[in-house]
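Per chain, numbering begins at 1; letters A, B, ... match sequence-line order.
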Amino acid sequence: MSGENTSAARIRWAVELADGVQDLAWSPDGCWLAAAAVSGPISLIATATGEVSREWPGHVGGTLKLAWSPDSRRLASGGQDGCARVWDPNDDEERQRLAAGSDWVGGVSFSPYAALLITAAGKELRAWNLDGQLLRATQPHASTITDLAWHPQQPLLASSAFGKIHLWDWCSPESPEERILPHPSPLLNARWSPNGRYLACGCQDNSLRCWTWPGAGDFQMSGYASKVRALAWDRASRWLATADREIVTLWDFEHGPPTGATPLNIEGPSDAVRELAFQAVGHRLAAGDQGGHLLVWDLDERGYRLLWQGALRGGFQRLAWHPRDRLLAVGGEDGTVAVFEFTRYPH
Amino acid sequence: MLTNAADPRIPVTVLTGFLGAGKTTLLNRILTEQHGQRIAVIENEFGEIGIDQALVINAEEEIFEMNNGCLCCTVRGDLIRILGNLMKRRDKFDRILVETTGLADPGPVAQTFFMDDEMKDKLRLDGIVTLVDCKHVAQHLEDSAECREQIAFADTLVLNKVDLVDETAVDMLEARLRAMNGLAKIQRARMARVDLGQVLDLGGFDLKRALDLNPAFLEPEYPFEWGGWYALPTGESALVLEDGPDPDMSAVLLPVSEHDALVTARETAAHLFSTTAVAAQPGDALEPGAHHYRLRLAAKPGFKRFPLRPNAAGHVALFTQHHPDEFALRVLDPNGQPLQPLYAHAYNAGHTHDDSVSSVGLVEERPVDPFKLNRWLGDLLRDKGADIFRMKGVLHLADNANRFVFQGVHMLFDGQADRPWRAEEPRLSQMIFIGRDLDRADLTAGFRACLD
């Protein structure tokens, strides 16, 4: 791990996992970073010290996804064994094992507002209460669920799949209202803008699809060189950053949907970008590419400015900004988990 | 031995074939033989694989249409997800095997390795192996477009269960499959027992192999697959056949001089094949001359005999719509002894059994202009991509010391600079198309217009 412009960033700590990093998740209280290795083990790392506090075995065959409960007292994981597992930071044993379905469990998500844990196993979506009781199993989706995204202000969950977005209104957890937004593309990911007005999806067929909310009008941005694999909104809901294999693009939503507008293309990454992440506080955008380059830009009214760049052996898998501090967690193909600490603006 | 040093990507072998063709048997064989490779298997049908040294993942086929205006652009979403996960592991596999369902069109699985950039970066489609059940494939070829596509897409065809049919039938089948796919290596097997080197590690663009196997590949098309020159003795000779893949077959019998034998006659025959046919039932006499006979083979099951008029004595050329092997066709002398042709030639037939799947090979000696080629292929694939299943080529690009190799599936193709041309090696540009309703004249003209 190395960095340039080290006046702007330093490594606070680094940990080696047993295998490539599959997922990273900060606890909402900021005390923990959970990191899953692709082959299964899940490490619970203390933010302050980098000490690995616990190492859970994770899932047989491999762990796919991590999600914290809003109160930071539970970590849920989904894996290739068809289970979702629930872990307690104070315990080595798993708290719950939920039979999420027969397929890989690629989605786990706690509702920020209701006491719900949602699991997505292949085409099956299930809702559980915090005691691990199954509340609801929905009709299977027509194809595999690729992502889950809770609306930031409402008990509304979006699940993306091939050909459709399902919107679930969990006001009543036993019988959620379902609304389907059809779209003929394979949707790979789903991200609500922090103001809750837009839902953006990257597509396998080299395009980006957005819906407005409420109203669900939709618009499409095409011309990408490959599938749109990374998406990130800035906290002000002005910028939507997207990445295909060639370029990082910024769409400006300040005056509504940017249809017809030319996006801002960010120069810099020399290899295919795997992951993009906007700071939860502040205006920084981080990108990690498959060649192991990490770039951090500052965004303001005038556009973007490269703040810092560093490198990792092997490519990046995951990036995650700390919920409050200027800390960026990165996870690499080679199993490295590192946390960078950024100083204040250098000027 | 089984890796390609020049390409660090992990090879993927796709195994297709109708239900009962022996895919699971072959998979088990691959997994149990001592080859020292770590293999991951993506299975689409619950087979009976239980081998500890391999990782076996069951996948449910999930086909994504690409919604980009191209109906043939489809990928396998399940493979992108599963293989994407495997590629993240530190513990890499030497090879990946993907088994398709019996009824699968191999297009989406093949296109996945061209269409998805992450797959393309990490994995290379090494080859498509199609298992054929010799006993039942004829029926499947009639009934199923998927079966025809599995044949057309193959890099290797394994004719399995040869012990269940007689050798003549296997010869006939091989001739028929060869006409559909001129590129594939063909292996015969019992109980899926094949040389694994012929099934794995198919990488490399060995077009010379295709040309050696089928020299007619590069010739103009004729409406017949075969011509033979016979010297008929005095008396009543006869044309005899067995049942074959089609209920009837066209044939032309022409008197020829000793000097030009098939050369002049083939042009006359090509013309006659386009004229209205005269039906001939088994037992009807055939007369050398300007007749286009339609032999009604289905009128009598089993052995059929068409006497040749006594005045046929002398030199004649016989042209048949299909290869004689497919119908066990022979010419018998008046004593009932088989007559060997003085000369025989297999032609490149424009149509075979109305399968409409065929191969077209092109070779040019002049270097290719890459820009013209790119434009031509772009236009061609936009218009005809749905009908072009596979495409392979080794090109001599103008001002380039290296061979350029490429392969494509439907509208997608992927090419790269290969090793330098060797000093003694003729610098030829060769391409092969396998597809439905291919127009050889059109492809030839298009390719020629790309020459430097």
How far does [atom1] of [X] sit from [atom2] of [Y], to the nearest 0.5 angstrom?
| X | Y | atom1 | atom2 | result |
| --- | --- | --- | --- | --- |
| B:Ile57 | A:Trp104 | CD1 | CH2 | 5.0 Å |
| B:Met66 | A:Cys203 | CE | SG | 9.5 Å |
| A:Asp103 | B:Asn58 | CG | CG | 9.0 Å |
| B:Arg81 | A:Leu188 | CZ | CG | 11.0 Å |

Sole residue of A:Lys227, A:Arg229, A:Arg245 in salt bridge (charged side-chain N to carboxylate O under 4.0 Å, His left out) with B:Asp116: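 Of all the options given, the one that passes is A:Lys227.
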For a 4.5 angstrom cut-off between non-hydrogen side-chain atoms, does A:Gln22 reach B:Asn85?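 Touching, per the 4.5 Å side-chain cut-off.
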Which residues satisfy the side-chain contact (heavy atoms from CB on, under 4.5 Å) test with A:Val52, sequence neighbours excluded?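 Scan of A:Val52 (side-chain contact (heavy atoms from CB on, under 4.5 Å), adjacent residues dropped) gives A:Val15, A:Ser43, A:Ile45.
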Applying side-chain contact (heavy atoms from CB on, under 4.5 Å) to A:Ala241 and not counting sequence neighbours gives A:Leu250, A:Leu276, A:Phe278, A:Leu285
Can you tell me if B:Glu60 has over 12 outside heavy atoms packed within less than 6.0 Å of its CD?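 No - once you tally the heavy atoms of other residues, nucleotides and ligands closer than 6.0 Å, there are 12 at most.
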Select, from A:Gln290, A:Glu333, A:Arg274, A:Gln204, the one with the greatest count of heavy-atom pairs under 4.5 Å involving chain B.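 Greatest number of close heavy-atom pairs with chain B: A:Gln204.
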Sort B:Ile63 into side chain, backbone, both or neither according to what part of it lies under 4.5 angstrom from a heavy atom of chain A.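 Just its backbone gets close to chain A.
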Interchain contact, B:Lys120 with chain A, by part (heavy-atom threshold 4.5 Å): neither
Where on A:Ala272 is there a heavy atom nearer than 4.5 Å to chain B: the side chain, the backbone, both, or neither? neither
Residue from B:Ile80, B:Asp121, B:Val75, B:Asp78 scoring the most non-hydrogen pairs under 4.5 Å with chain A is B:Asp121
Less than 4.0 Å between a side-chain N and a carboxylate O, is that true for A:Lys123 and B:Glu62? no
